[in-house]
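Below, chains carry the letters A, B, ... as their sequence lines are ordered, and counting in each starts from 1. When reading the values below, keep in mind they use all heavy atoms of this one structure, side chains included, and skip hydrogens, waters and symmetry mates.
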Protein chains: 2
Amino acid sequence: MPFESRRRARDEKREAVLRTAVRLFLEQGYHRVTLNDVAERLNITKPALYNYFRSKDEILFECWALGQEIVDEFIAEIDNGGGNALTKLRKLIQAYAEQMTTDSGASLVRFDARDLTAENQKIVRAAKKRIDRTFRKYLADGVADGSIKPCDPKLTAFAIAGSLNWIGHWYQRDGAWSAEAVASRFAAQLTEGLAKAPASKHGPATSKKSRPAKGGRK
Amino acid sequence: MPFESRRRARDEKREAVLRTAVRLFLEQGYHRVTLNDVAERLNITKPALYNYFRSKDEILFECWALGQEIVDEFIAEIDNGGGNALTKLRKLIQAYAEQMTTDSGASLVRFDARDLTAENQKIVRAAKKRIDRTFRKYLADGVADGSIKPCDPKLTAFAIAGSLNWIGHWYQRDGAWSAEAVASRFAAQLTEGLAKAPASKHGPATSKKSRPAKGGRK
DNA sequence: CCCGTATATTACCCATGGGTAATAAAAAGT
DNA sequence: ACTTTTTATTACCCATGGGTAATATACGGG
């Protein structure tokens, strides 16, 4: 199948460009990386890149999209999966934390959407909103079904997302912690203060008679 | 006092440049802001800026330094102040969160140190290390003196710092929450899962018989 | 009132780097 | 083998923007 093999080779090269670009963008920052740098690391020359992408910012966007795709996937999986809101929240934290330890995950936090075209910025904003909504939904649902203590979903979602996004800034593969270890510690720790009852093996056993924190907006 | 008034005027102008630069850098991102943009907003021309600064990256550095100065101040104040480790941690979270809602605070997280000279990058790294060490110290001290549940100080410090730093990315003054409100919610929420006993009015009343979370590295 | 100093402006330099011909080399198709 | 289509290269364009030289203007001091 000549057509297919041709296409595959092309797509593989495209992906190779993206993998290299992500690395460089993360290492040095988008603006300090030139297309010559990217090409050089691939042992080709700059104009060759334009066979696969129309512009530098399109490369950036595709890098981002690769990471976002994964997030959308596990969000769908968790959302359609079982468990109460707290369980889903833990799953989400775990998966998101692990994603943050990867290159494509870190791109989601460390790239600046303002480097993209207006249209792509809209796409990015929409995606970020989707993630945020999911966190807030699980929190709100959890408060409703009693698995989570009363809290302001918006603010709590920000607190959790902040911890997780930060992973993309400090985590390095050669460190003392594996991605999974970090993720499970975060899943446990970030929900410790939220769980209403000592649920499952994760729970930190918050007293049932806890005075419910005065939640809601001030 | 001619000499003094002259100097004061100069310093005021310098600060005006920095205030304007910070705003623009935060609004549009360092690389998208030209020195012409900065000058224009001050109703002067680009070369006039060079009376006060030697280069664009020096402006960036001074912007950052303004924010860092404030952090160093309240860290010193809290460190020399009273209270056990948990109390100090809460104070630190509160102050740091409030700082993140300001322009100079947000600079600390949203500027990329790689835009600075190698020497200034060292200064920035040292400052970030100071902040990190302080968080870890309070956590470790708290575990030692019993006010905080066993936990890995390094990882927990990252989790807390992440939540706080993220404020610099989402907070906007015209929102529903005041800076102080956000800060106090974060101070409470981020220590809820850590406090060993229902201490003071903040405590979420964690049961004393809590199985101590298996802390330490995995 | 004049001089020296700081501060500002206009006009310019030029390295950088994204992007584009024009064209060569390599595959694919027949 | 010959043609056509991809893919890559060399050589170039040029807008951008940090930074500077020459010069004008305001200002405090004697």
Side chain of [X]: nearest nucleotide among [options]?
X	options	value
B:K13	C:dA8, C:dT9, D:dT7	C:dA8
B:P47	D:dA8, C:dG17, D:dT20	D:dT20
A:Y52	C:dT20, C:dT7, D:dA8	D:dA8
A:N51	D:dA11, D:dG19, D:dA8	D:dA8
A:T34	C:dT9, D:dG18, C:dG17	C:dG17

(request) Give me the one residue out of A:F61, A:F25, A:F111, A:W64 that meets ring pair (Phe, Tyr, Trp, His ring centres under 6.0 Å) with A:Y30. (result) A:F25

In whole Å, I'd like the distance from the [atom1] atom of [X] to the [atom2] atom of [N].
X	N	atom1	atom2	value
A:I59	C:dG18	CD1	P	9 Å
A:Y30	C:dG17	OH	C1'	11 Å
B:N36	C:dA11	CG	C1'	13 Å
A:N43	D:dT7	CG	C1'	16 Å
A:L49	C:dG18	CG	P	10 Å
B:R32	C:dG17	CZ	C1'	16 Å
B:L35	D:dG18	CG	P	4 Å
A:K46	C:dG17	NZ	P	10 Å

(request) Kindly give the heavy-atom pair with the smallest separation between A:L60 and A:D112, and that separation in Å. (result) CD2-O, 4.3 Å

(message) Check A:R136 with A:D132, please: is the shortest side-chain N to carboxylate O separation under 4.0 Å?
(response) yes

(message) I'd like to know if B:K88 and B:D141 make a salt bridge, using a cut-off of under 4.0 Å between side-chain N and carboxylate O.
(response)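 A salt bridge is absent here (no side-chain N lies under 4.0 Å from a carboxylate O).
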
Any [X] side-chain N or O less than 4.0 Å from OP1/OP2 of [N]:
X	N	answer
A:Y50	D:dT6	no
B:R10	C:dT7	yes
A:T45	D:dA8	no

(message) Under 4.0 Å, heavy atoms only, any strand: does B:V33 hit a base, just the sugar-phosphate, or nothing?
(response) sugar-phosphate

(request) Determine the contact category for B:F53: base if any of its heavy atoms lies under 4.0 Å from a base atom, sugar-phosphate if only primed atoms, P, OP1 or OP2 are that close, otherwise nothing. (result) nothing

(request) Return the 5'-most residue of the pair B:I44, A:K56 with respect to DNA chain C, ranking by each residue's nearest nucleotide. (result)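 First, find each residue's nearest nucleotide; the 5'-ward one identifies B:I44.
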
(message) Would you compute the distance between atom CG of A:L66 and atom CD of A:Q68 and round it to the nearest 0.5 angstrom?
(response)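 Answer rounded to 0.5 Å: 11.0 Å.
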
